[in-house]
Number of protein chains: 2
Amino acid sequence: MTGDRTRPAGAGKASTRELILDTAERLFAEQGIFATSNRRIAEAAGQGNSSVAGYHFGSKADLVRAITRRFTAEVERSRVGLLAGLDGSAGLAELLGCLVRPWTDRFESLGPHSYFARVCAQAMNSPALRPIVVEEGSHSGSLKRTWEALGRYLPGGADLSTEIRRGVMQHLIVFVCAERESALAEGRPTSRQTWTDEANGLIDALYGIMTAPLADLSPSPVRSRPYGRVTEDGAHAIPE
Amino acid sequence: MTGDRTRPAGAGKASTRELILDTAERLFAEQGIFATSNRRIAEAAGQGNSSVAGYHFGSKADLVRAITRRFTAEVERSRVGLLAGLDGSAGLAELLGCLVRPWTDRFESLGPHSYFARVCAQAMNSPALRPIVVEEGSHSGSLKRTWEALGRYLPGGADLSTEIRRGVMQHLIVFVCAERESALAEGRPTSRQTWTDEANGLIDALYGIMTAPLADLSPSPVRSRPYGRVTEDGAHAIPE
DNA sequence: AGCCAGTTGAGTCAATTGACTGATGTGTGG
DNA sequence: CCACACATCAGTCAATTGACTCAACTGGCT
């Protein structure tokens with residue numbers, strides 16, 4: 001987490017850099033980011049220099065940044081394509097799809113050897129690493145445009161709670177992907193058959209969050225809020 | 001993460017143990033679990049023995065377990081009380097409140113010096129630590145009863161996707177609490193005024209997830225799913 | 001008072017880690 | 001063909017860490 005030793009992108013052959021990124025990403029996902037030392041990365045990558053990772057990327061934070069950037073770049077391409085296929089009257093589900101499917105599609109194309117979701121989930125919850133993933137994500141123009149379009153669906157417009165809602169939704173996407181990724185890696189059963197099914201389920205959940213009735217923030221009584229009641233057969237009814 | 005050096009609970013005066021737990025919890029939240037060594041914990045707690053934490057709790061995993069157990073016990077008491085106040089016809093919002101409010105109430109009572117939400121968020125996303133928090137959480141009888149009651153609201157009954165949905169919702173609670181906790185600690189503005197407001201917003205989101213229309217899992221076309229459409233004024237309409 | 005199990009203080013130790021150094025390898029442009 | 005810049009290798013170094021030892025202390029009990 002010290003200096004910036006990152007080499008300019010075009011320098012030298014990129015294969016070793018990619019190999020380091022692949023190896024680090026895998027070890028980070030499997031054993032944890034902070035439980036993985038530069039040495040182990042170098043050994044697992046079959047490199048003699050015990051600190052190749054440091055040589056190419058600098059600190060561990062910079063390594064996480066590079067891993068994040070690589071994934072984000074891929075996802076950005078995909079999202080730009082999705083957005084291009086949407087006209088102005090795109091529905092909420094389509095817009096949420098622009099949030100979700102670039103991720104799930106990427107993981108699907110990576111097959112059983114995807115790791116980034118778990119890495120991202122860790123980084124997002126680490127005090128030292130979260131600023132990095134947040135910053136890297138903020139560079140995405142397509143993401144910004146998607147959220148602007150989604151803003152039309154949010155009752156309160158662009159207030160502070162919208163910012164939090166956005167954080168919640170992004171967190172949800174990462175968590176669900178990480179969960180499936182982990183299950184696939186360990187051979188555990190998955191709740192849905194395919195990544196596409198998972199994306200649909202995720203969009204359902206996000207749809208629910210977006211359209212949930214907003215409680216007025218007045219200091220109302222804690223219990224018994226004006227939601228639906230249980231009916232005899234156990235079904236529920238959405239008010240209004 | 002090696003042997004189990006944990007002492008029987010009743011032995012000796014408990015003040016040092018509590019002091020270690022408090023200190024470790026704070027450092028874990030502020031600097032990250034894996035960035036915090038036993039030595040730093042001992043120093044910050046003003047203890048001469050550089051490995052008091054190891055002496056009292058064993059490995060770092062065991063320390064996280066003890067921190068989790070302490071919080072969970074407190075929350076359990078609170079949830080039992082909430083459940084006792086509910087009759088058989090409790091609505092969805094009330095049941096979700098039994099999930100959310102024990103946490104938010106606890107954080108409110110801790111004031112600006114709460115740390116567990118951030119610790120829990122980290123642990124849940126760490127490969128080495130997640131089994132621990134999951135296991136500790138599984139001991140809660142009141143939580144189990146709440147989920148059984150919530151099961152009546154889930155369309156599919158108790159299938160595998162329900163398990164995931166549950167994971168999503170619990171993850172959401174932890175994340176939102178961690179977000180507010182972090183904001184309070186750093187003096188950043190919070191999206192909601194009080195922990196109670198935060199709980200209401202959280203229940204809104206969970207309500208949305210629970211009642212979101214479930215997409216059939218058939219291999220339908222990826223885009224254009226049967227959700228609401230945009231109207232001229234930008235509002236949205238929930239189908240049916 | 002005197003014992004004693006458990007706790008705390010103070011320090012050691014091997015292992016690991018990130019950062020560093022210098023020699024050697026390599027491939028690309030001139 | 002040959003510099004030259006970059007990449008890789010092999011090894012060193014101080015700092016940190018978890019685990020450990022042993023002495024000193026504490027409070028409860030007889």
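To the nearest angstrom, C1' of D:dT16 lies 17 Å from CZ of B:F34. Distance, A:Q31 CD to C:dT17 P: 11 Å, rounded to whole Å. Going from atom CD1 of A:I41 over to atom C1' of C:dT16 covers 15 Å, rounded to whole Å. Per the geometry, CG belonging to B:N38 stands 15 Å off C1' belonging to C:dT16, to the nearest Å. Remark: P of C:dT7 and CD of B:E18 are 14 Å apart, rounded to the nearest angstrom. As a whole-Å value, the separation of B:R17 CZ from C:dT7 C1' is 12 Å.
Using bins of under 30°, 30° to 60° and over 60° for the plane-to-plane angle, the ring pair A:H171/B:F175 lands in the parallel bin.
For B:H56, a side-chain nitrogen or oxygen approaches OP1 or OP2 of C:dT8 to under 4.0 Å. A sub-4.0 Å separation between OP1 or OP2 of D:dT16 and a side-chain N or O of B:S37 is absent. In this model, the phosphate group of C:dT17 is approached by a side-chain N or O of A:R40 to a distance below 4.0 Å at OP1 or OP2.
The stretch residues 22-30 of chain B has no heavy atom under 4.0 angstrom from DNA chain D at all.
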What side-chain donor-acceptor pairs closer than 3.5 Å can you find for residues 37-46 of chain A, not counting sequence neighbours?
unit_1 : atom_1 : unit_2 : atom_2 : d
A:S37  : OG     : A:R40  : N      : 3.3

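Between A:E30 and A:R26 there is a salt bridge, since a side-chain N of the basic residue sits under 4.0 Å from a carboxylate O of the acidic one. For the pair B:R130 and A:E179, the salt-bridge criterion is met [side-chain N within less than 4.0 Å of a carboxylate O]. Between B:D22 and B:R70 a salt bridge is recorded (basic side-chain N to carboxylate O distance below 4.0 Å).
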Tabulate atom names and distances for all N/O pairs under 3.5 angstrom spanning the protein and nucleotides 9-15 of chain D.
unit_1 : atom_1 : unit_2 : atom_2 : d
D:dC9  : OP2    : A:Q47  : OE1    : 3.1
D:dC9  : OP2    : A:G48  : N      : 3.0

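Rounded to the nearest 0.5 Å, atoms NE2 (B:H56) and CG (B:N49) are 8.5 Å apart.
Here C:dT8 is the nucleotide among C:dT8, C:dG18, D:dA7 with the atom lying nearest to any side-chain atom of B:Y55.
Every residue two or more places apart in sequence or in another chain that forms a salt bridge (Lys or Arg N to Asp or Glu O under 4.0 Å) with B:R77 is listed here: B:E74. Partners of A:F107 according to the ring-ring contact (aromatic ring centres under 6.0 Å, His included) rule, which considers only residues two or more places apart in sequence or in another chain, are A:F71, A:W195. Residues passing the salt bridge (Lys or Arg N to Asp or Glu O under 4.0 Å) test with A:R69, sequence neighbours excluded: A:E136.
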